[in-house]
Amino acid sequence: MNSIANALLSDLALSLADAPHPRAKALHLPPAPWTGSKDGEFPALELEDGSLGLSYVLLDDSLAALACGGATRTLVGADAMDIAFGWRDGHGAARTLGFAAINALSRHLFDKAGFAPPHATDSIGGLDPQPDEHIGMVGLFPPLVKQITALGARLTVLELRADLAGVHAGHTVTLDPAALNPCDKVLATSTVLLNHTLDTVLANCRRAHRIVLVGPGAGCLPGSLFDAGVTALAGSWILDATGFKQAL
C-alpha cells in the first residue's frame with residue numbers, strides 16, 4: 001500500500017471539501033524529443049484559475065507519450081482531482097500527469113489561502129551539513145554532492161542506476177536503501193514522490209533528524225509528508241505564469 005500517496009490524495013480531497021473541483025485548462029510540454037537540457041525535464045499542468053503544477057517527465061516514455069497528444073486530448077475541462085488519482089493508480093504518462101495535478105491543486109489551495117513560502121536560502125533545503133555528520137542523498141546530483149562534501153560531511157548516495165554504484169572521491173554511491181539508516185540528515189529529489197519510493201526511503205531514515213525533499217516537483221501540500229517524517233520541502237514557486245509558459 002502506498003501510504004504517502006493515499007494520505008496526500010486524502011488531504012487534497014478534504015481541503016477541496018464540497019466546492020467544485022478545479023478543472024484542467026492546458027498541458028504545457030517541453031520540446032520533444034528531450035534535448036538534454038534540464039530546462040526540458042518538467043512539464044506543467046495548468047488549471048482554469050491559472051494554477052500551474054510541475055512534474056518530472058523523463059520517467060518511462062512519458063514525454064514521448066504526452067507529445068503524441070493522445071493523452072492530452074481529453075485533458076481540457078477534466079476534473080483535476082480525477083487526473084490526480086492517476087499519480088497513484090496509473091503508470092507512465094498518467095502518473096506524470098497525476099503528479100502535475102497534485103501540485104497544481106496544491107498551488108490552487110495555497111493561493112486561495114493567501115500562502116506563499118519563504119525564499120530558499122540555498123539549493124539543499126537548508127540541510128546545513130556539518131563536518132562530523134553523515135549525510136544521505138537520494139539521487140546523484142553532482143553539483144549538490146560538491147556543496148555537501150566541501151563542508152567536510154561524509155556522504156552516501158542512494159541510486160537506482162547500477163552503473164553509478166561504487167566508492168568515489170568524497171562520497172559512496174549505493175543501490176541499497178538500508179545504507180541511509182546511519183545518516184544524520186537526508187536530502188532527496190522530489191522524484192521520490194512521483195515514482196512512489198518515498199515510503200521506502202523514509203523506512204530507512206530512522207536516525208535522520210532532517211529529511212528534505214528538493215526539486216521543481218516539491219510543490220504539494222506538506223502536511224502528510226511532515227507527519228511521515230519529512231522536515232522540509234524546497235520546490236519551484238512560479239511568480240510569472242505567462243513568462244514561465246513562454247520559456248517552457
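Note that the structure is predicted; figures quoted are calculated from it, not measured.
- Side chain to side chain, D176 and T174 fail the donor-acceptor criterion of an N or O pair below 3.5 Å.
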Name every donor-acceptor pair, under 3.5 Å, that has one atom in a side chain of residues 142-154 and the other anywhere in the protein, sequence neighbours excluded.
from: Q147; atom 1: OE1; to: S123; atom 2: OG; distance (Å): 3.4
from: Q147; atom 1: NE2; to: S123; atom 2: OG; distance (Å): 2.7
from: T149; atom 1: OG1; to: V145; atom 2: O; distance (Å): 3.0

Identify each donor-acceptor pair in which a side-chain atom of residues 42-49 lies under 3.5 Å from a protein atom, sequence neighbours left out, and give them as a table.
from: E46; atom 1: OE1; to: H28; atom 2: NE2; distance (Å): 2.7
from: E46; atom 1: OE1; to: K245; atom 2: NZ; distance (Å): 3.4
from: E46; atom 1: OE2; to: K245; atom 2: NZ; distance (Å): 3.1
from: D49; atom 1: OD1; to: S51; atom 2: N; distance (Å): 3.0
from: D49; atom 1: OD1; to: S51; atom 2: OG; distance (Å): 2.9
from: D49; atom 1: OD2; to: S51; atom 2: OG; distance (Å): 3.1
from: D49; atom 1: OD2; to: H108; atom 2: ND1; distance (Å): 2.6

Quiz: residues 90-105 side-chain donor-acceptor pairs under 3.5 angstrom, not counting sequence neighbours:
from: R95; atom 1: NH2; to: D60; atom 2: OD2; distance (Å): 2.9
from: T96; atom 1: OG1; to: S62; atom 2: OG; distance (Å): 3.0
from: T96; atom 1: OG1; to: G92; atom 2: O; distance (Å): 3.3
from: N103; atom 1: OD1; to: G219; atom 2: N; distance (Å): 3.3
from: N103; atom 1: OD1; to: C220; atom 2: N; distance (Å): 3.0
from: N103; atom 1: ND2; to: L54; atom 2: O; distance (Å): 2.8
from: N103; atom 1: ND2; to: G217; atom 2: O; distance (Å): 3.0

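- No chain of hydrophobic side-chain contacts below 4.5 Å, direct or via other Ile, Leu, Val, Met, Phe, Trp or Tyr residues, connects F141 to L160.
- Here L198 contributes atom CG and T191 contributes atom OG1; the two are 11.5 Å apart, rounded to the nearest 0.5 Å.
- Side-chain N or O atoms of S10 include none that pairs as donor or acceptor with a backbone N or O of N6 at under 3.5 Å.
- Atom OG in S15 sits 5.5 Å away from atom CG in L221 (nearest 0.5 Å).
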L75 and I83: CA distance, side-chain angles, deciding distance, side-chain contact (heavy atoms from CB on, under 4.5 Å) verdict: CA-CA 8 Å; L75 190 70; I83 299 171; 3.3 Å; yes

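- Under a hydrophobic clustering in which Ile, Leu, Val, Met, Phe, Trp and Tyr are joined whenever their side-chain heavy atoms come within less than 4.5 Å, directly or via other members, L175 and L164 fall into different clusters.
- Note on L14: it does not cluster hydrophobically with M81, by side-chain heavy-atom contacts below 4.5 Å among ILVMFWY residues.
- Taking CZ of R23 as the reference point, atom NZ of K25 lies at 15.5 Å (rounded to 0.5 Å).
- Pairs passing the salt bridge (charged side-chain N to carboxylate O under 4.0 Å, His left out) check and including a residue from residues 202-218, sequence neighbours excluded, read D184-R207.
- Closest approach of S236 and P216 over heavy atoms only: OG-CA, 3.4 Å.
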Determine, stepwise, if the pair I4 / L202 fulfils side-chain contact (heavy atoms from CB on, under 4.5 Å). CA-CA 10 Å; I4 296 292; L202 292 176; 4.1 Å; yes

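- Judged purely by atom type and a 3.5 angstrom limit, E133 uses its side chain to pair as donor or acceptor with the backbone of Q130.
- The hydrophobic cluster containing L109 also contains W237, counting ILVMFWY residues as joined when their side-chain heavy atoms lie under 4.5 angstrom apart, directly or transitively.
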Go through it in stages, so that I can follow the logic: the residues are L127 and D122, the test is side-chain contact (heavy atoms from CB on, under 4.5 Å), and I'd like the CA-CA distance, side-chain angles, deciding distance and then a yes or no. CA-CA 9 Å; L127 200 68; D122 56 37; over 6 Å; no

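- Taking the side chain as every heavy atom from C-beta outward, V230 and P222 never approach each other to under 4.5 Å.
- A7 approaches S224 most closely through the heavy-atom pair CB-CB, 3.6 Å.
- When atom types are taken as modelled, the side chain of D82 and the backbone of A78 share no donor-acceptor pair closer than 3.5 angstrom.
- For the ring-ring contact (aromatic ring centres under 6.0 Å, His included) condition, the pairs that include at least one residue of residues 166-218, sequence neighbours left out, are W87-H196, H168-H171.
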Could you please spell out the steps behind the side-chain contact (heavy atoms from CB on, under 4.5 Å) verdict for R88 and L9? CA-CA 9 Å; R88 184 191 65 186; L9 285 164; 3.8 Å; yes

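- For the residue pair A179 and P182, the shortest heavy atom distance occurs at O-CD, 3.2 Å.
- Sorted by first and then second residue, the ring-ring contact (aromatic ring centres under 6.0 Å, His included) pairs involving residues 210-229 (not counting sequence neighbours) form an empty list.
- Rounding to the nearest 0.5 Å gives a distance of 11.5 Å between CD1 of I211 and CG of L233.
- T189 is not listed as a side-chain neighbour of Y56, based on a closest heavy-atom distance of 4.5 Å or more.
- Without hydrogens or angle criteria, T172 side chain to T156 main chain gives no donor-acceptor distance under 3.5 Å.
- In this structure the side chain of P129 reaches within 4.5 angstrom of the side chain of I124, judged on heavy atoms.
- No path of Ile, Leu, Val, Met, Phe, Trp and Tyr side chains, each step under 4.5 Å between heavy atoms, connects I135 with V167, placing them in separate hydrophobic clusters.
- Side chains of V138 and L180 form a contact here, defined as non-hydrogen atoms less than 4.5 Å apart.
- Considering all non-hydrogen atoms of both residues, L12 and S106 come closest at CD2-OG, 4.0 Å.
- For the pair N181 (side chain) and A178 (backbone), a donor-acceptor distance under 3.5 Å is present.
- Across all non-hydrogen atoms, the minimal contact from N195 to T197 is OD1-OG1, 2.7 Å.
- Under the 4.5 Å side-chain criterion, counting only non-hydrogen atoms from C-beta, L158 is not in contact with V186.
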